[in-house]
Every structure is written in C-alpha cells, then in structure tokens.
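Remarks on the structure that follows.
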Amino acid sequence: MSDKLSARSRARIENSIFLAAVILLGLVTENTYYLQIMTFIGINTLLALGLNMLMGYAGQVSLGHAAFYGIGAYATAILSGTYALSPWLALICAVGGAVLVAFIVGLPTLRLSGYYLGMGTLGFGMIVNILFREWSSVTGGASGFVGIPVLEAGPMVFMSGKSYFFLVWAVVLAAILICRRILRSRMGRALRAIHDGENAALAVGVNTHYLKLKVFMFAAALGAVAGFLYAHFVLFISPESFGFMVSVKMVTMVVIGGMASIWGALLGAGLLTLLPEVLHGFAEYEMIVFGLVLMLVMIFMPQGLTRGFLDIYHASRKKRQ
Amino acid sequence: MLRIKNLKCSYGSITAVHGVSLSVKKGELISIIGANGAGKSSLLLAVCGLMKTWSGEISFEDNSLRGMSPPSIVRAGISMVPEGRQIFSPLSVMDNLKMGAYTMYRKRMKAEVEKDFKMVLSMFPILRERADQLAGTLSGGEQQMLAIARALMARPRLLVLDEPSMGLAPKIVDMIFETIETLRNQGVTILLVEQNARAALKIADRGYVLETGKMVLQGSADELLVDDDVKRAYLGQDYGDFYDGRGN
C-alpha cells in the first residue's frame, strides 16, 4: 500500500515540477521565435501523448494518426473560417467528428493486429489526406486554407506569443493528468495487459476489441485537439502538414521518447520538434543527421530516451554506492 | 455443469478435434490426457471462446456457449489458466491479480474483490511477498501460481487449466497438483488438460484420453491408471518405477 502511495505522490511531484518549468519558461522567454517553437512542442506533445496511449500502452501501431490531427485542424478551419462559427463550438465539433471517424474506422481495423493494423491505418491516413487535397471547394485544396480566425475568450485574445504558449501548455498539462488517471485505473491495467498478450487479456474477461476502440477514439480526440490548436496558431493550414510523413514523425516521437511513458511523449515531441530547427543551418545534411540520431537512439537506447536515461542514472548511482 | 457434444474444431482446412463428447459434473475434477497435438488445447480454447471455428455443442449450466465472447464466458463462470501461463509480465503481481478480477470490478464488488485478494494471497503466500514485483521476474512455478490465482480472482464455478505442469521442475509440479486438489476439495469444479498423465489422473475423479482429435478412452481415473493401453501409451509402464522414484 505504501508503495502505491509513494507512486502517487511521486506523480504529484513530477507534475509540479512540470508545471513550474512551464510557467518559468513562459515568463522568462521573450523571444517570439523560442515561444513559437515551444508552442509547437506542446502541440506535438499532445499528439505523442495520444498515440502513446494507443501504441505505447495498448501496443496498437497506427500509421495514420496525422489524419485525426488534420480532421481537427480542418474541421475548426472550415467551421470557424468559412461558416463563422465560434471556434470553441468548432472545437467540440472537431473533437466529436474525429472521435466518430475513429469509431467508424476503428471498428473494422482494430480487429487487425501488428503489421496489418499498421497498413490499415496507413491507408486511412492517405485517404483522409487525399480528401484534404482534392476537396478544394471546402478545404482550399493543395494551396491550403486561409482565413482561420484568432482564438478569443472574453477579453483574452490568443495571438501567438505568450498567451498561446500558456494556452497550449495548459492543455498539455490537462492531457497528462487525464492520461495518468486512465493509466492508473482498471482500464490502464487492461491496456497494458492487451499489449502483453491479447489472448490472455481475453481469457481474464477483457473485451479487448472494445477497449482498443476506446483508446483509439481517445487518441483521435487528443489529435483533434492538437489540430485545433495548430490551426488557430498558424492561421493557415495545408494538406502536407497532415500527410504520411507527419504520421511517421508521430510514431518516431513515441518510440524515441520511450514507449509507455508519459514523459517519453514529451521528450520525443521536444526532440523531434527541436532537431529540424537546430539543423536549419545545414539544411542539406538535415535528413542525414536526423536519421543518424534515430539510428543511434535505437541502437543504444532501444527502449527510448526516457528508459535509456533512467538506466544510465540507475547505473551511475549503483557505481557510486 | 459443462457438457460437450460432438465437438469439432478446425484451423482452416486442418481439423484438430474430430467429434469429441464429454461432460463435467459439479464438484468434479476431470482430467483430459493425451499427447502433443491430440487436440486438448483446441478443446479448451473452444470452451473459453478463444477459438471460434468449432461446430457441435458446448453448454455450461444448460446455456449454450455458441457465439459467446470470451469476456461473457468469464462472466458466466468459466475461468481459464492458459497454456504457458500467459501472465502479464510487465504488470506487477498485484496488478495481475486485479486483472483477474476484471469482470468483478464491473459489478462494483470492491469489498468482495478485497476478500478474494485475501483468499488467494493466503493460498499462495509467496505472491504476497512478491506483490509489487513485476510478474515477469517471477520463477516458473511462481508464475504458474500467479496464473491460477489470477483465474480464481474471477470466482469461477468451473476452473479450466491448460497444461499447468508445462516446463516446471517435478517438485513444483507436485505442488501445483496439490493446489489443484485443494481447490477441488474446496468445491471448485475443475477441468484439467495435461500431458503428465500420471499426475493428472492421480488427483482426478474421471479422465478422458484424447488421441489425434478423437476420444479413445474414458472412465474413472482409477480405472484409467491401471488400463493397459493407457499405461503403455502415456504412463511409460516400463519406466514407471524409475519415474516414481524420481518424481515423487
């Protein structure tokens, strides 16, 4: 019992540190470029968090997650841009729409497993992306969608800079808390059980298909929220922001950061957002360095950075003793 | 309690079970013995709903199990200890037990679940010691105990065990079989599938012998233990004395 308590208080300490770091970074940073990068890290963290629940914990690979990101972004763009709906109402529609799509797509695809599930979701992601590109009367087609309104809430206007930084990171914090809550629950245990052995999970009475569908819908919802935040941040969206490569990047974030780890999602999202920025200077070598980093992580820390760093930490502590 | 009539199981074009019938009465301990590939596991998978492609009839407490999903079969009162244990290795021992009670939590029976924890932990004290350890770090015998304890957490009226002796040292096997006997004495109905025919028949009330998907023999466990065919095929008569000396 005491262990459980300490795990809970440890989580509380981690959350507090995280909150303090976010507030500190937000207050100290004045440079708009840095604020912008950190906002993108926050949006990507949301994506990675959702995918991590699906992939890291439940063990279901999705190669089409950018579709939900795109659905969130386009839904709010069209509803608030074209139809002048309040963005907050548009958010509800965007999340609801993404969850509904996830339900319809997940119903048959989540019966698949392993590579087949990957292929199924890959196809879904491509179809959605083609839709964004070709349905130009509604989505603006390949040239993108212009005219997304700025977010407002009463006297607050969320125009880039600090206000948006805090908005995004508040959502990230909320998402982390929700994920933790789920993982601590009976459902969280069942998700990890499915990952370990679907048949064994069935044998103890877990309705694995239903549970996978639920976590898929949850991941889709987080993706849609990320898409919403992205759209109202950059105010212009185009299909390539939600293409196959973006899906792959999300998977990479989860794997690099560390599967089945909340902070891994943050770390992976941070790294994969920063890396291209840092490598801007030597653009033509960017992909090479990028690939090299991925290879090195996979060779030396196959469990991801979080696990890898923890192992190094534990090893060094043991040595000192 | 459990009645199987003319059960046929097939994987694609390969038929693993060719028309098997058997019955388990309340309070009985039934052993199904047979060699590798005799169709024992397929039969159990069909009972637990983990295998869909079967024909014939399976009924539990007079309700047909046809078309029922594994979770609803667990809720109906059949719990399985799967072949090769299949505990959840990345979860702690305690979380594994909680997973066993997965269908119970739904019924909001927290107090009852707590009671069951106490029951299985007093039955397997080693699990209490290991409660916070990851299940994957347990020894084979401990994992088997955990698998049995996990199945018990669902409060089964019929406990189905698939090869609980697999890959365990003889001493541990004895212990596991003692546990199974104890459970029977406590009133749990048990269907046991085993390759270790001698040990399985020793504790059973009745037994069935499966051979390449067909039921070739059935009878009381005592009869089967002295049956010449069984002796020759499964008990290794010529080595019997040697085995007895080593195994017990």
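No experiment lies behind these values; they were computed from the predicted model shown. Throughout, protein chains are lettered first and strands after them, A, B, ... in sequence-line order, and every chain is numbered starting at 1.
Using a 4.5 Å cut-off between heavy atoms, S89(B) contacts chain A through both its backbone and its side chain. Heavy atoms of L45(B) lying under 4.5 Å from chain A are absent altogether.
Contacts with chain A were tallied for M153(B), Q86(B), M94(B); Q86(B) has the most, counting heavy-atom pairs under 4.5 Å. When each of M80(B), M99(B), R150(B) is checked for heavy-atom pairs under 4.5 Å with chain A, M99(B) comes out on top. Options A154(B), P90(B), G100(B) differ in how many heavy-atom pairs under 4.5 Å they form with chain A, and the most are formed by P90(B).
Taking the ring axis of F88(B) as reference, the NZ or CZ atom of R189(A) does not stay both within 45° of it and closer than 6.0 Å to the ring centre. In this structure, R186(A) is positioned above the aromatic face of Y102(B), its NZ or CZ under 6.0 Å from the six-membered ring centre and within 45° of the axis.
Using a 4.0 Å cut-off between a side-chain N of Lys or Arg and a carboxylate O of Asp or Glu, E142(B) and R85(B) do not qualify as a salt bridge.
Looking at S69(B) and S72(B), their side chains do bring a donor and an acceptor atom within 3.5 Å of each other.
Checked against L183(B) for a side chain to side chain contact (heavy atoms under 4.5 Å, CB included), the options L161(B), I190(B), L29(B) give a single hit: I190(B).
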